[in-house]
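Reckoned from all heavy atoms, side chains included, excluding hydrogens, waters and symmetry mates.
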Amino acid sequence: ELNAWIAALIEANREDVLRELVLKLFADNRVEGKAFIDLSRASLPLGLKPKMTLFFAARVLVREGAARIEFDKLFLEGQVIPIAVLDLMIAVASGLGKSDAGSIKDWVALPDGLKDLRSRPGLVEITY
């Protein structure tokens with residue numbers, strides 16, 4: 001249900017950068033995911049393709065109505081990459097006006113009323 005909701009949000013917002021996001025939930029706010037990124041409208045540094053698949057393992061941190069993702073592993077097109085490359089991609093998306101965040105270290109406000117998120121295998125509990 002979470003992945004269907006994410007797909008509906010991406011479609012409703014007519015995302016230009018994030019085209020697909022699929023998550024697998026684990027205990028202690030751990031998550032693994034696959035994202036399809038489309039930066040066709042951006043001027044990219046040498047070596048970055050405009051359309052890429054990103055796989056990751058991370059932990060979602062939540063505090064005071066905001067969240068951020070702390071990445072453990074990151075793969076771009078099947079190759080291990082430094083977290084700084086993802087940070088660059090977020091900065092590019094932000095420059096296109098498609099993201100409020102400018103860095104992966106930024107805290108992003110949760111939707112109004114949401115106070116906390118907790119995961120366990122296959123489930124997310126939302127406190128509001």
Could you check if a side-chain atom of [X] sits within less than 4.5 angstrom of a side-chain atom of [Y], using non-hydrogen atoms only?
| X | Y | answer |
| --- | --- | --- |
| N29 | L61 | no |
| T127 | L114 | no |
| D112 | Y128 | no |

Minimum heavy-atom distance between [X] and [Y], given as atom pair plus value:
| X | Y | result |
| --- | --- | --- |
| F75 | G78 | CD2-O, 4.2 Å |
| V60 | A67 | CG1-CB, 4.4 Å |
| D106 | R68 | O-CB, 3.4 Å |

ILVMFWY cluster, [X] and [Y] together (side-chain gap under 4.5 Å):
| X | Y | value |
| --- | --- | --- |
| I104 | V80 | no |
| V62 | W107 | no |
| F55 | I37 | no |
| F26 | I6 | no |
| W5 | V124 | yes |

Roughly how far, to the nearest 0.5 Å, is [atom2] of [Y] from [atom1] of [X]?
| X | Y | atom1 | atom2 | result |
| --- | --- | --- | --- | --- |
| I81 | L76 | CD1 | CG | 4.5 Å |
| F56 | L74 | CZ | CG | 8.5 Å |
| L2 | K24 | CG | NZ | 14.0 Å |
| N3 | E20 | CG | CD | 9.0 Å |

What residues, two or more places apart in sequence or in another chain, satisfy salt bridge (charged side-chain N to carboxylate O under 4.0 Å, His left out) together with [X]?
| X | result |
| --- | --- |
| E32 | none |
| E125 | R120 |
| E77 | K49 |

inquiry  = Apply the hydrophobic cluster definition, ILVMFWY joined by side-chain contacts under 4.5 Å directly or through others, and give me every member besides F36.
reply    =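 The other cluster members (ILVMFWY side chains, heavy atoms under 4.5 Å, direct or chained): none.
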
query = Considering residues at least two apart in sequence or located in another chain, which fulfil the side chain to side chain donor-acceptor pair (under 3.5 Å) criterion with D72?
reply =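 Here the qualifying residues are R30.
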
ask   = Heavy-atom count around R118 CZ within 6.0 Å, excluding the residue itself: above 12?
value =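 At most 12 heavy atoms, drawn from other residues, nucleotides or ligands, come within 6.0 Å of this atom.
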
task = Might you work through the side-chain contact (heavy atoms from CB on, under 4.5 Å) test for I10 and L21, ending with a clear yes or no?
result = CA-CA 8 Å; I10 290 171; L21 178 62; 4.2 Å; yes

task = Show the numbers, then the answer: is there a side-chain contact (heavy atoms from CB on, under 4.5 Å) between L25 and L123?
result = CA-CA 6 Å; L25 304 172; L123 295 171; 5.6 Å; no

task = Mind jotting down which residue pairs meet the salt bridge (charged side-chain N to carboxylate O under 4.0 Å, His left out) criterion with at least one end in residues 52-67? Sequence neighbours excluded, please.
result =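 Every candidate salt bridge (charged side-chain N to carboxylate O under 4.0 Å, His left out) pair involving residues 52-67 fails, so no pair, neighbours aside, qualifies.
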
